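What follows is one structure encoded as structure tokens, with my remarks underneath.
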Amino acid sequence: MTDVDWDGLRAIAKEANAKAYAPYSNFPVGAAAMVEDGRVVSGCNVENASYGVGLCAECTLVSSLVMTGGGKLVAFTCVDGHGNILMPCGRCRQLLYEHSAPGMVLETVSGIKTIDEVLPDAFGPRTLEEYRA
Ligand code: THU
């Protein structure tokens, strides 16, 4: 399994959190993830006056992943405005799953868990490949 510097990754999530644009919820979120090639990507939530179209921190993290060369995520953490670990919402677990390396690990409120543990029996790219075959 990949050695993960969780304190370092959380520090980057906290830096991202400080950039959040969350004037409506006042609930800033910062996320950071390690990519299989050693890159680190991060993101913050970006809200909108049309509340429903706001972006979660994981959305901007995934955008950054793709924009900086893509690849698969091996480790992920997410913090709230107090620096406490935050669980990705359901939609964001799906977003992360799409870009996860097998066995990707997440720092969660109940310890380190794999992507398969936080999104069991996931619908994903393989589902579509199996259907096409
Ligand atoms: N939020 C995230 O950025 N990620 C999550 O996984 C949970 C929720 C944001 C969305 C919204 O801007 C704020 O937290 C309050 O729901």
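Counting begins at 1 with the first residue of the sequence. Counting starts at 1 for both ligands and their atoms, following the listed order. Only a predicted model underlies this, so the values are computations on that prediction, with no experimental measurement involved.
Shown here, atom 16 (O) of ligand 1 is out of close reach of the protein: none of its heavy atoms lies under 4.0 Å off.
With His82 as the partner, the side chain to side chain contact (heavy atoms under 4.5 Å, CB included) test is satisfied by one option alone out of Asn84, Leu86, Val79: Asn84.
Leu106 approaches Trp6 most closely through the heavy-atom pair C-CH2, 4.0 Å. For the residue pair Arg10 and Glu107, the shortest heavy atom distance occurs at NH2-OE2, 2.8 Å. Heavy-atom minimum distance, His99 versus Leu65: CB-CD2, 3.7 Å. Taking both residues in full, the closest heavy atoms of Pro88 and Leu96 are given as CG-CD1, 4.1 Å, listed atom of the first, atom of the second, then distance.
Looking from atom 9 (C) of ligand 1 to the surrounding protein, the closest heavy atom is Asn45 ND2, 3.6 Å. Distance from atom 4 (N) of ligand 1 to its nearest protein heavy atom, with residue and atom name: Glu58 OE1, 2.9 Å. Nearest to atom 12 (O) of ligand 1 among the protein's heavy atoms is Glu47 OE2, 2.5 Å. Residue, atom and distance of the protein heavy atom nearest to atom 3 (O) of ligand 1 are Ala57 N, 2.8 Å. Regarding atom 1 (N) of ligand 1, its nearest protein heavy-atom neighbour is Cys56 SG, 3.6 Å.
Heavy-atom separations between Pro88 and ligand 1 include at least one value shorter than 4.0 Å.
The shortest N/O to N/O separation between Cys92 and ligand 1 does not fall below 3.5 Å. Considering backbone and side-chain atoms alike, Cys89 places an N or O below 3.5 Å from some N or O of ligand 1.
Under 4.0 angstrom from ligand 1, the non-hydrogen atoms of Ser25 all belong to its side chain.
Judged by distance alone, the side chain of Asn45 and the main-chain N or O of Pro28 form no donor-acceptor pair under 3.5 Å.
We find the OG1-CE distance between Thr60 and Met67 to be 13.0 Å, quoted to the nearest 0.5 Å.
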